[in-house]
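Computed over heavy atoms, backbone and side chain alike; hydrogens, waters and symmetry mates excluded.
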Amino acid sequence: MASRTVEVTIRRVVGSGVLALLLTLSLGTLAMVALRAEGYGGLRAGDWAAVRFTVWQALLSAGISVICAVPIARALARRSFPGRSMLVTLLGAPFILPVIVGVLGLIAVFGRSGWINDGLTLLGLPNVSIYGAGGVILAHVFFNLPLATRLILQGWLSVPPGQFRLAASLGADGFALHRLIEWPMLKRSLPGAFLLIFLLCLTSFTVALAVGGGPRATTIELAVYQAFRFDFDIGKAATLGLIQIAICVCVAALAFLVPLPRVQGGSDVGVVPTWSRPSPLDWAWIGLGAAFLLVPLGAIVLSGLPGLWGLPSSIWSALWTSVWVAVLSALLCAAMALGLALMVARSADGVRKLAEGIGVLGLATSPLVIGTGLFLMIFPFARPMDFALVVTLTVNAVMSLPFALRVLAPAVAQVYSDHDRLRQSIGMPQGTWARYVVLPAVRRPLGFAMGLAAALSMGDLGVITLFADPAVETLPLALYRLMGAYRMDDAAGAALILVGFSLLLFWMFDRGGRGRA
Amino acid sequence: MKTVPFFFAGLMTATSVMADTPVLTVYTYDSFASDWGPGPAVEEAFEATCGCDLQIVPAGDGAALLARIQLEGARSDADVVLGLDTNLTAAAAATDLFAPHSVTADFAVPGGWDDPTFVPFDWGYFAFVGNAGADLPANFKALGDSDTKIVIQDPRSSTPGLGLLMWVKQAYGDDAPMIWENLADNVVTVTAGWSEAYGMFLEGEADMVLSYTTSPAYHIIAEEDMSKTFATFDEGHYMQIEVAGKLAGSDQPELADQFLNFMVTDAFQSIIPTTNWMFPAVTPASGLPDGFPMALPAEQSLIFAPEQAAAVRDDALAEWQAALSK
């Protein structure tokens, strides 16, 4: 009994530590900013318009991303074709692009002088415009559809193939199959995927502005920006930051109201189960999804190729910095996600949801508030720029945590529900249990989570701009600096390298997770 | 995993070695400090004369720079802040964090210079940059009446964006909202920063982009590309004057003065044109490089005094938002 208490305590301590870090980076940074403010910052009518626009576009963007992701993930789950695994990896690319690169890629295809409008002009048809609210949503779907697809695909692959085989042998197909197997699975995966994408769109700023066409597309994050640097009104920035978190809490509560049943039976498999009559629509969905996501990516590759030769040497040291920050960030993220998942594995549903809720808070907090708050925490004691990379990698890890938790928590809970009684009955030590039972069983989602964390970290400009040390630069920072110095060709080359290495890191972790399965 | 301790160890060694030489810390905007900006050359030139270690610290852009100084307050490590413009100097002076300067120079800034706190290091004219050979509008009204598509920056997040706001306000006063309504259908989009807008222009998304009269000089001098030009507006062009100031809380006040004096010498000023792509505040003996545009006559050089700029800013922003949100 004694050893069991110790084990439980260790899990609690690790898990609580992670939760404390998460709360520090979200509510803690916000509190620091609020404390630094001299008085409460009132909002203007324009700020409420920004709140309305932000929530509206985030709901639509997340809704459309998730709805479109279902048929694409379904098609990918049941179709096997050469290059499928490569396509699944590539589909992750838009999500990890630095926003400015992604926007330029989208514009090359959908813009006024983009490929689509060139084609329409050739055919004598009227042109389409990407700019406006529609463009904001299109861009957000472009960035987030791949994420939704991957999360939902993960859901499909977690359904034990036996269930499909059993259903098929009982003569269930079409609607029955959907109602018995697919719908319960979707009910588990959709709310979480929706919430994560909603939050990503909630703090969006550069994208919304670039294709929004004007001040109508003002988001809360821009209002935060304005408060900090135009009005020098820190109190107002804190108020806006609080509104972001309040919206997050409301939407999270709604999303989690949908019951999240425990994942049942079996573990992931690397093969694609084929369970129902092939539908030609599958190919249409795969083709459409791939074209929508990969053509703008192609534009980025094309515009980056000429710049690849003669890139300044500082790009390579920036790349090296970014790679090790990304790898450490992925390790930290995985450790935190595992710690949390282990802590809540046998807890009641409510506790699990609470932990997951705290996990997403970092994502809902304005990056500018996080950066400023951390700056204020460090400044009294040390030079913030000495912590540039430590802060960058920690914040990146925390930002990736919700995604990692999303895929890891169910897998860990599964291991416990399958084998915990056995462990208790033979008195397996905690270390052995973790190493020989838990880790192998969660290897695949762990690899995916780490790949995502590493790639996200590579592409994120993050908080480094506030902490910038003149001697240290990450690749996204180097890219922005090239653009700021008119060197758009070099910047395009750097963007191509960034995309390439982000994907490579993602692929390596993801591949490692799949292992020899 | 070895890299982190290694990284810290490296930092500590670096700090202890430099303990003997005085350190002058200059906060500036990111593109000044970057490898492509004036920063590295300025550091080398100043360190050759000062017997000190000049640390140039990037801190976002101009507005982020002031926000940073306000966050740090009197305990800031910074001795000098370089890169505020006259739209920000009133707010900067109001913080009482800056000390008066003692620099005298023959400033080439149109309209002269007599601010007691801030010293200009370069300046430029905002302008719409387009492709050579295109039909260029002669003023805001002609631009608004034409089909010319433009990309501009948001005044809330970008200094050129704020410059355009002030330009229209200075040129048209109470008629500014009318000008903006007329321009609304020419605006393709409003970006968060200069880089996005300029990138979109180079991609062909718009006929013109809000930038500087000196932008085509970059393409001419650095890329030997003559295809870019700017439209001369008969209302005149709004100026951006970029300044530096010494912090009152500096622990190296003499070194800071020395730096501000160095800033207006040829050694510093001759670096500016082809790294910051702006006009030097004091024209160096070598003159301006070939390919640089001419300065405009004084009556064409528009600018609000810092206090006026601070006073009209909020109303001008509200007008801009209202006109472009219709």
Side-chain angles (χ1 to χ4, degrees), chain A residues 36 46 49 100 103-104 107-108 111-114 131 135 205-206 209-218 222-223 225-226 228-232 234 303 312 314 324 328 331 372 375-376 379-380 383 385-386 389-390 465-466 468-470 473 477-478 480-488 491, chain B residues 1 3-4 7-8 11 30-31 33-37 39 55-61 63-64 66-68 70-72 75 77 91 149 154-157 162 184 187-196 198-200 202-206 215 218-219 222 275 277 313 317-318 320-321 324-325:
Chain A
R36 180 68 175 71
I100 192 169
V103 166
L104 288 177
I107 285 169
R112 284 185 64 240
S113 56
Y131 301 100
F205 156 47
T206 312
L209 211 52
V211 293
R216 263 162 314 196
T218 296
L222 177 63
Y225 229 75
Q226 180 184 2
F228 267 120
R229 0 163 332 138
F230 191 89
D231 303 329
F232 301 109
I234 298 175
S303 78
S314 59
W324 74 255
L328 289 182
L331 287 171
T372 310
F375 187 92
L376 289 170
F379 183 67
R383 294 198 321 165
M385 74 177 177
D386 293 349
L389 291 183
V390 177
T465 45
L466 260 182
D469 177 329
E473 91 183 336
L477 187 58
Y480 273 80
R481 285 178 174 165
L482 284 169
M483 286 193 84
Y486 289 94
R487 292 162 193 265
M488 305 288 171
Chain B
M1 285 300 260
T3 324
V4 169
F7 169 68
F8 278 115
L11 262 176
D30 207 78
S31 62
S34 92
D35 285 354
W36 328 112
Q55 294 204 344
I56 298 182
V57 178
D61 71 353
L66 180 54
R68 166 85 169 259
Q70 285 183 309
L71 275 186
E72 297 191 359
R75 289 190 27 252
D77 277 346
K149 294 289 180 191
D154 197 302
R156 294 167 289 180
S157 54
L162 182 57
V187 175
V188 172
T189 198
V190 182
T191 63
W194 176 90
S195 301
E196 292 97 314
Y198 209 82
M200 286 170 85
L202 291 182
E203 293 276 321
E205 273 306 283
S215 299
Y218 169 80
H219 299 283
T275 51
W277 303 98
R313 210 179 61 140
L317 178 68
W320 175 86
Q321 272 176 292
L324 289 192
S325 296

B/E205 and A/S113 side chains, donor-acceptor separation under 3.5 Å: yes
Contact leader toward chain A among B/A33, B/A222, B/G199, B/S31, where contacts are heavy-atom pairs under 4.5 Å: B/G199
Greatest number of heavy atom pairs closer than 4.5 Å to chain B - which of A/T372, A/V211, A/L222: A/L222
side-chain contact (heavy atoms from CB on, under 4.5 Å) between A/M483 and B/Y198, worked out: CA-CA 9 Å; A/M483 286 193 84; B/Y198 209 82; over 6 Å; no
Interface moiety of B/S215 toward chain A, non-hydrogen atoms closer than 4.5 Å: both
Atom pair CZ (A/R481) and CH2 (B/W36), whose distance is rounded to the nearest 0.5 Å: 10.5 Å
A/P215 side chain reached by B/W320 side chain, heavy atoms, under 4.5 Å: yes
Polar side-chain atom of B/T189 near backbone of A/A210 as donor-acceptor pair, under 3.5 Å: yes
Working for side-chain contact (heavy atoms from CB on, under 4.5 Å), residues A/Y225 and B/R156: CA-CA 8 Å; A/Y225 229 75; B/R156 294 167 289 180; over 6 Å; no
Point-to-point distance, once rounded to the nearest 0.5 Å, from CG of B/D35 to CZ of A/R487: 9.5 Å
Rounded distance (nearest 0.5 Å) linking atom CZ of B/R68 with atom CZ of A/F228: 13.0 Å
Closest-packed option against chain A by number of heavy-atom pairs under 4.5 Å, given B/S34, B/S157, B/A192, B/A91: B/S157
B/M200 side chain reached by A/I107 side chain, heavy atoms, under 4.5 Å: yes
Over all atoms of both residues, closest heavy-atom pair of A/F379 and B/R75: O-NH2, 3.5 Å
Part of A/L376 lying under 4.5 Å from any heavy atom of chain B: side chain
Sub-4.5 Å side-chain heavy-atom contact between B/L317 and A/Q226: yes
For chain B, the option from A/A217, A/P380, A/S303 that forms the most heavy-atom pairs under 4.5 Å: A/P380
Geometric class of the A/Y486/B/Y218 ring pair [parallel <30°, tilted 30-60°, perpendicular >60°]: parallel
For the student: nearest non-hydrogen atoms of A/R383 and B/D77, plus distance: CD-OD2, 3.3 Å
Residues B/Q70, A/I234; criterion side-chain contact (heavy atoms from CB on, under 4.5 Å); working and verdict: CA-CA 10 Å; B/Q70 285 183 309; A/I234 298 175; over 6 Å; no
Value rounded to 0.5 Å, distance of CD in B/E203 from CG in A/L104: 5.5 Å
Residue selection (most heavy-atom pairs with chain A, distance under 4.5 Å) from B/V187, B/L162, B/D30: B/D30
Side chain A/R36, main chain B/L71, donor-acceptor under 3.5 Å: yes
Polar side-chain atom of B/R313 near backbone of A/F230 as donor-acceptor pair, under 3.5 Å: yes
A/F232 versus B/A67, closest heavy-atom pair with distance: CE2-N, 3.7 Å
